[in-house]
Q: 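The structure that follows is given in the form of structure tokens.
In what follows, every heavy atom counts, from backbone to side chain, and hydrogens, waters and symmetry copies are set aside.
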Amino acid sequence: MKQLSKPLKLTAAVVALSTVFATGAYAGSQLEEIRAYLNNGLKLKIDGAAWEPKLSDGTPVRPITYDGSTYLPVRAVSEALNVAVNYDEATDTVLLGERSEGVPISAEKYDLWLFSQTREPSKTSYNGVEYKELFHTTAINGLPNITLNPNKKYQKLVLEIGATEDSFEVVVTSGDVELAAKKLTKADGLTKMEVDIGGAEKVKVEIKAPPLNKGAAIILPTSYYK
């Protein structure tokens with residue numbers, strides 16, 4: 001293959017995961033030294049458009065060629081394809097895409113607008129079920145919203161949400177992009193709304209209702225990421 005620079009001594013782990021995680025993550029006994037090449041001539045395209053892998057600070061990263069295969073940084077590729085990526089240091093595992101176990105939205109940072117996080121018994125009962133805690137709003141005409149911070153670590157968001165009286169629309173966005181929208185009524189009861197959030201750093205969950213609509217919207221803090 002053309003335009004290969006001089007060989008580099010790298011570990012097998014670093015070849016596949018270079019620039020993705022802290023170097024301390026590789027301080028184990030499973031490392032194996034190899035000789036590989038920085039491939040300066042390889043061009044990359046995603047959906048027909050030219051693409052160059054980069055670090056989070058914008059520094060370009062060159063592909064690595066080893067033993068007939070080309071390796072790219074996992075995080076750069078995953079984020080370009082809107083696939084969630086994270087690293088579990090305890091098990092030395094790279095996590096791509098949807099997780100097998102849910103992570104409560106309350107485990108990550110979030111901001112409330114015209115929502116309250118309450119444990120008041122008068123507000124935590126819904127359709128005859130008592131919940132320990134709820135995100136609750138009666139200001140459904142004021143565009144109440146919750147801004148979540150999945151930080152590109154998760155592939156899906158599963159919202160557990162309900163209306164207490166009149167109907168409203170739930171709209172989920174990431175920046176200017178609408179990810180999902182769903183109309184809910186009291187008759188729907190507690191509804192699970194699954195949204196693909198791969199590659200999203202922040203997600204806004206907003207309630208939209210006609211001016212004269214009444215009632216409240218509730219969201220369970222146990223709504224989760226996957």
Q: Could you tell me which non-hydrogen atom of T185 sits nearest to which non-hydrogen atom of A163, and how far apart they are?
A: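 Looking at all heavy atoms of both residues, the shortest contact is C-CB, 3.9 Å.
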Q: With a 3.5 Å distance limit and no angle check, can you tell me whether T124 reaches the backbone of L134 through a side-chain donor-acceptor pair?
A: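 Checked: no pair found.
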Q: State the CD1-CZ distance between I218 and F115, to the nearest 0.5 angstrom.
A: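 If we round to the nearest 0.5 Å, I218:CD1 and F115:CZ are 9.0 Å apart.
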Q: Compare all side-chain heavy atoms of T70 with those of I64 and state whether any distance is below 4.5 angstrom.
A: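 They are not in side-chain contact.
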Q: Can you say whether the rings of Y71 and Y66 are parallel (under 30°), tilted (30 to 60°) or perpendicular (over 60°)?
A: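 Aromatic pair Y71/Y66 classed tilted.
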Q: When you compare the side chains of Y110 and Q117, does any donor N or O come within less than 3.5 Å of an acceptor on the partner?
A: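 The criterion, which ignores hydrogens and geometry beyond distance, is satisfied for Q117 and Y110.
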Q: Locate the shortest heavy-atom distance separating N127 from G189; write the atom from each residue and the value.
A: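 Here N127 and G189 meet closest at ND2-CA, 3.5 Å.
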Q: Could you tell me whether the side chain of V203 reaches within less than 4.5 Å of the side chain of V172, counting heavy atoms only?
A: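 Yes, their side chains come closer than 4.5 Å.
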Q: Check step by step if side chain to side chain contact (heavy atoms under 4.5 Å, CB included) holds for N40 and R62.
A: CA-CA 6 Å; N40 297 307; R62 288 175 288 176; 2.7 Å; yes
Q: Looking at NZ of K109 and OG1 of T147, how far apart are the two atoms once the value is rounded to the nearest 0.5 Å?
A: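 Reported value, rounded in 0.5 Å steps: 10.0 Å.
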Q: Can you run down the salt bridge (charged side-chain N to carboxylate O under 4.0 Å, His left out) pairs that involve residues 110-139, sequence neighbours left out, and say none if there aren't any?
A: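 Passing the test, one end in residues 110-139: R119-E133.
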Q: Nearest 0.5 Å please: distance from the OH atom of Y126 over to the NE2 atom of H136.
A: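 It is 10.5 Å, given to the nearest 0.5 Å.
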Q: In Å, rounded to the nearest 0.5 Å, how long is the span from CE of M193 to OG of S223?
A: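 It comes to 11.0 Å.
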Q: With a 6.0 Å cut-off (strictly less than), is the heavy-atom count around CG of L212, excluding the residue itself, greater than 12?
A: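 No.
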Q: Any salt bridge (charged side-chain N to carboxylate O under 4.0 Å, His left out) involving residues 39-50? Give me the pairs, sequence neighbours left out, ordered by first then second residue.
A: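 Those involving residues 39-50 do not exist here.
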Q: Just checking W51: does its CH2 atom have more than 12 heavy atoms from other residues, nucleotides or ligands closer to it than 6.0 angstrom?
A: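 Yes, CH2 of W51 has more than 12 neighbouring heavy atoms, counting only those of other groups under 6.0 Å.
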Q: Determine whether a donor-acceptor pair (N or O, by modelled atom type, separation under 3.5 Å) exists between the side chain of N39 and the backbone of T65.
A: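 Flag not set: sc N39 to bb T65 has no pair under 3.5 Å.
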Q: Dump the intermediate steps for side chain to side chain donor-acceptor pair (under 3.5 Å) on D188 and T191, then the final yes or no.
A: CA-CA 7 Å; D188 293 323; T191 300; 5.1 Å; no
Q: Does A216 offer a backbone N or O that forms a donor-acceptor pair with the side chain of T164 under 3.5 Å?
A: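 Yes: the side chain of T164 pairs with the backbone of A216.
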Q: Is any side-chain heavy atom of P53 closer than 4.5 Å to a side-chain heavy atom of L44?
A: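 Yes, side chains in contact.
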Q: What residue among I105, L159, L190 forms side-chain contact (heavy atoms from CB on, under 4.5 Å) with L220?
A: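 When I105, L159, L190 are each tested with L220, the side-chain contact (heavy atoms from CB on, under 4.5 Å) holds only for L190.
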Q: When you measure from the side chain of N141 to the backbone N and O of L143, does any donor-acceptor pair fall under 3.5 Å?
A: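 No, N141 side chain to L143 backbone: no donor-acceptor pair under 3.5 Å.
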Q: Measuring only between side-chain heavy atoms, which start at C-beta, is I146 closer than 4.5 Å to K204?
A: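 No. Closest side-chain heavy atoms not under 4.5 Å.
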Q: Check the hydrophobic clustering (I, L, V, M, F, W, Y; side-chain heavy atoms under 4.5 Å; chains of links allowed) and say if L148 and V177 are grouped together.
A: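 As far as the 4.5 Å side-chain criterion goes, V177 and L148 are connected within one cluster.
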Q: Looking at E165 and G215, what are the two nearest heavy atoms and their distance?
A: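 Answer, listing the atom of E165 first, then G215: CB-CA, 3.6 Å.
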Q: Between V170 and F168, which heavy-atom pair has the shortest distance, and what is it?
A: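 Between these two residues, the closest heavy atoms are CG2-CE1, 3.6 Å.
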Q: Is it true that a side-chain atom of N145 and a backbone atom of L112 form a donor plus acceptor pair closer than 3.5 Å?
A: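 Checked: no pair found.
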Q: Could I get the full list of side-chain hydrogen bond (donor to acceptor under 3.5 Å, both in side chains) partners for Y224, not counting sequence neighbours?
A: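 By the side-chain hydrogen bond (donor to acceptor under 3.5 Å, both in side chains) rule, Y224 matches no residue at all.
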Q: Could you check whether any side-chain N or O of D57 sits under 3.5 Å from a backbone N or O of T59, counting only pairs where one atom can act as donor and the other as acceptor?
A: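 Judged by distance alone, yes, a pair lies under 3.5 Å.
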Q: Report whether V158 and V205 are members of the same hydrophobic cluster (ILVMFWY, side-chain heavy atoms less than 4.5 Å apart, transitive linking).
A: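 No; V205 is not reachable from V158 via cluster members.
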Q: Please say which of K202, E201, R75 ends up in a side-chain contact (heavy atoms from CB on, under 4.5 Å) with K152.
A: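 Filter result, single survivor: E201.
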Q: Is there a side-chain contact between T222 and E160 in this structure, where contact means two heavy atoms from C-beta onward sitting under 4.5 Å apart?
A: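 A side-chain contact under 4.5 Å exists here.
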Q: Measure across A200 and S174 and return the closest heavy-atom pair with its distance rounded to 0.1 Å.
A: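 Shortest heavy-atom contact: CB-OG, 3.6 Å.
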Q: Atom CD1 of I161 and atom NZ of K192: how far apart are they, to the nearest 0.5 Å?
A: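 Going from CD1 on I161 over to NZ on K192, the span is 14.0 Å.
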Q: Return the CG to CD1 distance between N213 and I207, rounded to the nearest 0.5 Å.
A: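 CD1 of I207 is found 12.0 Å from CG of N213.
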Q: Is V103 reachable from F135 through a run of hydrophobic residues whose side-chain heavy atoms are each under 4.5 Å from the next?
A: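 Yes: a chain of side-chain contacts under 4.5 Å links F135 to V103.
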Q: With a 4.5 Å cut-off on side-chain heavy atoms, are E108 and Y225 touching?
A: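 When only atoms from C-beta onward are counted, E108 and Y225 do touch, with a gap below 4.5 Å.
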Q: When you compare the side chain of L179 with that of I197, does any pair of heavy atoms fall below 4.5 Å?
A: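 In short, these two side chains touch, coming nearer than 4.5 Å.
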Q: Does K156 form a salt bridge (Lys or Arg N to Asp or Glu O under 4.0 Å) with E194? I'd like the steps, not just the answer.
A: CA-CA 7 Å; K156 290 187 178 178; E194 191 169 298; 3.0 Å; yes
